[in-house]
Amino acid sequence: MYATERLSCGSGSAAAHFAYREGMRETNVYRTGSGMIFRVSEGGEGHLAVETLQEEAWIPAALGVIGLRVAPTTSRLTAKQVLRLPV
């Protein structure tokens, strides 16, 4: 797994924005074929959380959304694409 550098933008983890150091190739942010953007994060004890981007805010989503990562029409966003998203 790749190390990340967390940039805080606002309060709470829902407002956190993750940028990846130069040379990183993978993010935990995805776009489905229908255009839904979601991100997956892992807590300190290994708990997974998922949020979807709705308008300009990250909203907690059902854990079942995590399964969309492996759908053939879902793609992982690049670090450059992630940096363009709202925080």
Of all heavy-atom pairs between [X] and [Y], which one has the smallest distance, and what is that distance?
{"X": "V40", "Y": "R69", "answer": "CG2-CD, 4.0 Å"}
{"X": "Q54", "Y": "T52", "answer": "NE2-OG1, 3.1 Å"}
{"X": "A49", "Y": "L63", "answer": "CA-CD2, 4.3 Å"}
{"X": "L53", "Y": "E56", "answer": "CD1-C, 4.2 Å"}
{"X": "Q81", "Y": "R76", "answer": "OE1-O, 4.4 Å"}
{"X": "L48", "Y": "I66", "answer": "CB-CD1, 3.9 Å"}

Would you check if [X] and [Y] make a side-chain contact, meaning some heavy-atom pair closer than 4.5 Å?
{"X": "R39", "Y": "V50", "answer": "no"}
{"X": "V65", "Y": "M36", "answer": "yes"}
{"X": "L77", "Y": "I37", "answer": "yes"}

Cluster question for you: counting only ILVMFWY and a side-chain heavy-atom cut-off of under 4.5 Å, with indirect links fine, are L68 and Y30 together?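 Per the 4.5 Å side-chain linkage, L68 and Y30 are co-clustered.
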